[in-house]
Amino acid sequence: MVAQAAQDPPRVIGIIFGPPGSGKGTQAARIEKDFHLKHLSTGDILRAEVVKGTPTGREAGRIMAAGDLVPDELIVDIVRSRLPEAETGAGVLLDGFPRTLRQAQALDAMLAGEGHNVDFVLALDVPEQDLVDRLLHRAAVEGRADDTREAITERMHEYHKLTEAVLDHYRRQGVPVEIVSGLGSPDEVFERIRRVIGISSG
Ligand code: ADP
C-alpha cells in the first residue's frame, strides 16, 4: 500500500467492476460488511437523485432511461462531493465508477490531491453465455419484455469495451487488477474475492 502521512488513517480505495448479471451488487455489499469499505455506487446515487427529483436527477433520469451513460462531468462532480465523507472509515469501494478513461483520470487527480491512489481493482468475470442466461431468466421472472437477447448482448459488448480501457489504465500504473470468476455460489465468489483483497490491500 501507498505510505500514509502519520496523521492520516490508512484508507483503502478499491474499485469493483462486473457486467450486468455478474452478482456485483451482492458481492459489493459483502465487501462493505466484511472489510468495512464504504460502498459508493454511482448507479444507486443517480437513482436516488431521480426519485428526489433534483436537477441532477432530472437530467440523469432521461439519459439512464435511454440506456446511455450520463456525462463525465456530472458523475465526476457527484463522486468528488461524496468521496470525502465516504473516506472517513476504513476506505471506499467504488462501484459503477470510473466507467470511462476520462472518469479514471479525474479520479486519479482527486486522489493525487491527497497523495493517494487506487489500491486495487476487482473485475468479476462471467462468461457471456452464462450472463445472457441469467439476465433472460431474471427478465422472465420480472415479466420484462424489453430485456431481449440482442439488447443484453449489446450491453455486454459495451461493458467490455469501456471496462477494458479502464482496466488497462490501472494496469499501466501498476495497480493490482484482479480478475475474479463470478461463477458458483455467492459464498464461493466471495471467498475468491477475500483471498485477492487480502493480498492486494496488504
Ligand atoms: P448496471 O445496472 O449496469 O450495474 P449502474 O447501476 O451502475 O448500472 O448504473 C445505472 C445507470 O446509471 C447507467 O446505465 C448510466 O446511465 C448511469 N451511470 C452510473 N454510473 C455511471 C458512470 N460512472 N458514468 C456514466 N453514467 C453512469
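Side-chain atoms are counted along with the backbone in the values below, which use heavy atoms only and exclude waters and symmetry mates. We're numbering straight along the sequence, starting at 1. Read the numbers this way: they start at 1 and go in the same order the structure lists the ligands and their atoms.
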With sequence neighbours excluded, give me every salt bridge (charged side-chain N to carboxylate O under 4.0 Å, His left out) pair touching residues 17-37.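 Salt bridge (charged side-chain N to carboxylate O under 4.0 Å, His left out) check on residues 17-37 returns Lys24-Asp95, Arg30-Asp187.
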In terms of atom number and element, which parts of ligand 1 are under 4.0 angstrom from non-hydrogen atoms of [X]?
X      : answer
Thr42  : 19 (C), 20 (N), 21 (C), 23 (N)
Gln103 : 22 (C), 23 (N), 24 (N), 25 (C)
Leu46  : 12 (O), 17 (C), 18 (N), 19 (C)

Check this for me - ligand 1, [X], N or O atoms closer than 3.5 angstrom, yes or no?
X     : value
Val70 : yes
Asp68 : yes
Gly96 : yes
Asp95 : no

Is it true that [X] and [Y] have a side-chain N and a carboxylate O under 4.0 angstrom from each other?
X      : Y      : result
Arg102 : Glu73  : yes
Arg11  : Glu114 : yes
Glu158 : Arg155 : no
Arg82  : Glu49  : yes

Verify the contact flag for atom 2 (O) of ligand 1, where contact means a protein heavy atom under 4.0 Å away. no
Taking side-chain contact (heavy atoms from CB on, under 4.5 Å) as the definition, give me every residue that meets it alongside Thr26, ordered by chain and number, with sequence neighbours left out.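 Per chain and number, Thr26 pairs via side-chain contact (heavy atoms from CB on, under 4.5 Å) with Pro186.
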Just need the protein heavy atom nearest to atom 8 (O) of ligand 1, so name the residue and atom and give the distance. Arg99 NH2, 3.1 Å
Can you tell me which portion of Arg47 lies within the under-4.0 Å heavy-atom range of ligand 1? Options are side chain, backbone, both, or neither. side chain
Backbone, side chain, both or neither: what part of Ile75 comes under 4.0 angstrom of ligand 1, heavy atoms only? side chain
Under 4.5 Å between side-chain heavy atoms, hopping through other hydrophobics if needed: is there a path connecting Leu46 to Ile63? yes
Heavy atom of Lys24 under 4.0 Å from ligand 1? yes
Between Asp44 and His39: side-chain donor-acceptor atoms closer than 3.5 Å: no
